Amino acid sequence: MIRLHKPRLRQLRIVALAATGFLVAGVLVAPASNAQVVPQAAPAAAPTNTIPGVDEIVSSPNLRQIANVPKVAPLDATNSDIAFQGKYAFAGNYNGFVIYDISRPSAPTVVSRVLCPGSQNDISVHGDLLFLSTDSSRSDDSCNSTAQGADVKESWEGIKVFDIKDKANPRYIKSVETACGSHTHTLVPGKSGKTVYLYVSSYSPRAEFPDCQPPHDSISIIKVPVKKPTDAAVIAAPNLFPDGGFPGSETGSATTGCHDITVYPAKDLAAGACMGDGILLDIKNREKPRVINRVRDTVNFAFWHSATFNNAGTKVIFTDELGGGGAATCNEAVGPTRGADAIYDISGRGDARKMNFRSYYKIPRNNSDTENCVAHNGSLIPVLGKDIMVQAWYQGGISVWDFTDSAKPKEIAFWERGPLSADRPVGGGTWSAYYYNGHIYSNDMVKGLDVLELNDWRTWTANLTRYKELNVQTQPSYLGW
């Protein structure tokens, strides 16, 4: 049964935005900078579906912004994903990555900025290693490369490896080329602790691309010896769709690879969002993942984008990136079941496990037609006894929602900036919104790093869980009841 969400009244929290930040330009590694501490005004009531003004911030009373660190040159391109380790956050940017010290969440500081162009610069960390995805064809594998067509055999795309033992001075130590590049990658810890694997997702093959030939129904698996990461290499490229993926339709993308994979190592399970298909994989053998179930949604899903498990591993959420993240799809014309999340219950055991559709979830308020808005990256909040996650919706902002009842998901908190322009479509908004050790961190594509504080009785038990390291697509397990 599909549950349609009706618009509801929302409370607004008007925020005075600080106008300036410290600018550090033209450097490979930059010194620390100060965050903007964002003062909060008292909440005020507003009519249903009121759309905030340009750059105006609105929120529910239980979710407030406590800091912002603006982007600066040369890392002033699009911000992307985030990873965490100890007191540090590692934020991707199409021009490289930034390491933040978040020991004081209300005042993050920049430890270093690394200039290394290559979209999307999807990011993960493990110990002293940092991994970046390059999915734009480059002249070579260096951080000084320039754009070069994928029809040129010598062009390079793939994974870059950095040594981050010295957070102030990361060192680029290794590259691994992969077929069709690396749009995203997922870090998968080996069972011995001596090795990590990267499941590399990429897509869009073309006959004229020598390193990205159709049908490309596969992923690349890179094996990285932890003590000798310079030996990292592709060791397998399993075909996940030997009988062919979804052929595509007027409303849905054809499957020509995967966009993203989330693994749940503690349960030897993974979920792949693969353009036209959603898949469940057994990853007991890290080098030979096996598809055990596949689902499609030919009515409402346009592009299977990402996945999130609940802590018990009995549910999985897939997101639909309708419009590729560049369109205004959070409006009345598109409605509540497209550009949304789809919740599936997982039944059965072993190879007999199946995903069973339960409902859709979409933010319950309309955005303006100048705002790109669609379901995007989020993470589980480690709440005991409940299934609650936080999620980015580009210019739709950040939504915290409860899917404990798979058939009746509901929002419990939100935070949102108004459009970047009231007159014309301008892309922006939060790419990733993740919960880490007591706070929500958002990498806004245009506005920089935002830090938010959630105060809600329904989520207070999340404070009992602390992670030493968090790559959201490498989903950790936490104590439940």
Side-chain angles (χ1 to χ4, degrees), residues 5 10 13 57-68 79-84 89 91 102 105 108 260 262 305-311 315-319 321 330 340-343 360-365 373-404 406 409-417 429-445 447 449-467 470-476 478 480:
H5 295 278
R10 58 178 176 170
R13 186 183 300 271
I57 290 178
V58 299
S59 74
S60 54
N62 54 351
L63 185 59
R64 69 188 189 102
Q65 183 187 25
I66 61 172
N68 170 264
N79 280 338
S80 58
D81 214 2
I82 319 174
F84 304 90
I102 55 171
D260 212 341
T262 292
H305 175 274
S306 51
T308 303
F309 289 102
N310 70 334
N311 189 53
K315 302 173 187 176
V316 62
I317 294 162
F318 288 103
T319 67
E321 194 184 41
C330 296
D341 298 308
I343 305 166
Y360 296 107
Y361 171 77
K362 194 171 183 180
I363 55 173
R365 60 196 154 272
C373 173
V374 74
H376 213 236
N377 290 2
S379 75
L380 204 64
I381 299 178
V383 177
L384 302 184
K386 295 280 188 180
D387 296 327
I388 296 176
M389 72 176 289
V390 59
Q391 187 174 5
W393 291 78
Y394 288 119
Q395 286 192 74
I398 295 169
S399 179
V400 179
W401 57 288
D402 186 326
F403 62 103
T404 305
S406 302
K410 59 184 179 181
E411 184 175 78
I412 64 172
F414 77 92
W415 180 91
E416 172 188 357
R417 277 192 180 90
T430 176
W431 178 292
S432 301
Y434 298 148
Y435 181 93
Y436 177 69
N437 293 354
H439 290 84
I440 292 169
Y441 297 86
S442 163
N443 211 15
D444 187 288
M445 294 193 293
K447 298 295 185 178
L449 181 74
D450 291 309
V451 185
L452 290 87
E453 185 175 72
L454 178 64
N455 289 300
D456 192 289
W457 64 270
R458 290 164 290 194
T459 62
W460 74 268
T461 57
N463 292 305
L464 302 176
T465 299
R466 286 290 184 269
Y467 297 118
L470 179 63
N471 300 292
V472 168
Q473 286 74 39
T474 310
Q475 194 163 319
Y478 61 87

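Being a predicted model, the structure only gives us computed values, none of them experimental. In what follows, every heavy atom counts, from backbone to side chain, and hydrogens, waters and symmetry copies are set aside.
In this structure D387 satisfies the salt bridge (Lys or Arg N to Asp or Glu O under 4.0 Å) test together with K315, sequence neighbours excluded. Remark: S399 pairs with Y361, E411 by the side chain to side chain donor-acceptor pair (under 3.5 Å) rule, at least two apart or across chains. Listed by chain and residue number, R417 satisfy the side chain to side chain donor-acceptor pair (under 3.5 Å) test with D444 (two or more places apart in sequence, or in another chain). Taking W401 as the reference, Q391 meet the side chain to side chain donor-acceptor pair (under 3.5 Å) condition, with sequence neighbours excluded. Under the side chain to side chain donor-acceptor pair (under 3.5 Å) criterion, Q395 pairs with N372, sequence neighbours left out. For the salt bridge (Lys or Arg N to Asp or Glu O under 4.0 Å) test, residues two or more places apart in sequence or in another chain that qualify with D456 are R458.
Note on ring orientation: taking the six-membered ring where Trp is involved, the planes of F84 and Y436 are parallel (angle under 30°, cut-offs 30° and 60°).
In this structure, CD on Q65 lies 5.5 Å from CG on N68, to the nearest 0.5 angstrom. To the nearest 0.5 angstrom, M389 atom CE is 6.5 Å from D341 atom CG. Summarising the geometry, atom CD belonging to E416 is positioned 11.0 Å from atom OG belonging to S60; distances are rounded to the nearest 0.5 Å. Rounding to the nearest 0.5 angstrom, the gap separating the CG atom in N437 from the CD1 atom in I102 is 7.5 Å. One distance of note links CD1 of I363 with SG of C373; it measures 4.0 Å at 0.5 Å rounding. Separation of atoms OG1 (T459) and CG (L454) is listed at 4.0 Å; rounding is to 0.5 Å.
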Requested in this report: Verify side chain to side chain contact (heavy atoms under 4.5 Å, CB included) between L380 and F403, making sure each step is shown before the conclusion.
Outcome: CA-CA 11 Å; L380 204 64; F403 62 103; 3.8 Å; yes
**Report entry** Step-by-step side chain to side chain contact (heavy atoms under 4.5 Å, CB included) determination, D450 to T430
**Finding:** CA-CA 9 Å; D450 291 309; T430 176; over 6 Å; no
Query - Y434/N377 under side chain to side chain contact (heavy atoms under 4.5 Å, CB included): CA gap, chis, key distance, verdict - result: CA-CA 8 Å; Y434 298 148; N377 290 2; 3.4 Å; yes
Query raised in the report: For W431 and H376, what are the C-alpha separation, side-chain angles and deciding distance, and is it a side chain to side chain contact (heavy atoms under 4.5 Å, CB included)?
Result: CA-CA 7 Å; W431 178 292; H376 213 236; 3.7 Å; yes
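Closest non-hydrogen pair, S80 versus N443, comes out as O-ND2, 3.0 Å. Residue T319 comes nearest to S306 through the heavy atom pair OG1-OG, 2.7 Å, listed as atom of the first residue, atom of the second, then distance. Closest of all the heavy-atom pairs between A83 and N471 is CB-OD1, 3.4 Å. Across all non-hydrogen atoms, the minimal contact from A413 to L63 is CB-CB, 4.1 Å.
No side-chain donor-acceptor contact under 3.5 Å links T404 to the backbone of K386. Formation of a donor-acceptor pair under 3.5 Å by the T262 side chain with backbone atoms of T308 is not found in this model.
Checking each of V390, N62, L452 against V400 for a side-chain contact (heavy atoms from CB on, under 4.5 Å) leaves exactly one that passes, namely V390.
Y435 is listed as a side-chain neighbour of P382, based on a closest heavy-atom distance under 4.5 Å. Counting heavy atoms from C-beta on, the side chains of Y394 and V374 come closer than 4.5 Å. Looking only at side-chain heavy atoms (C-beta outward), H305 and F318 stay at 4.5 Å or farther from each other. Taking the side chain as every heavy atom from C-beta outward, P476 and L470 approach each other to under 4.5 Å. Residues F309 and V316 are in side-chain contact: their nearest non-hydrogen atoms beyond the backbone lie under 4.5 Å apart. Proximity of P105 to Y441: side-chain heavy atoms (C-beta onward) are separated by under 4.5 Å at one or more points. P409 has its side chain within reach of I343: a pair of non-hydrogen atoms, C-beta onward, lies under 4.5 Å apart. Contact of the I412 side chain with the I388 side chain is registered, since non-hydrogen atoms from C-beta on lie closer than 4.5 Å.
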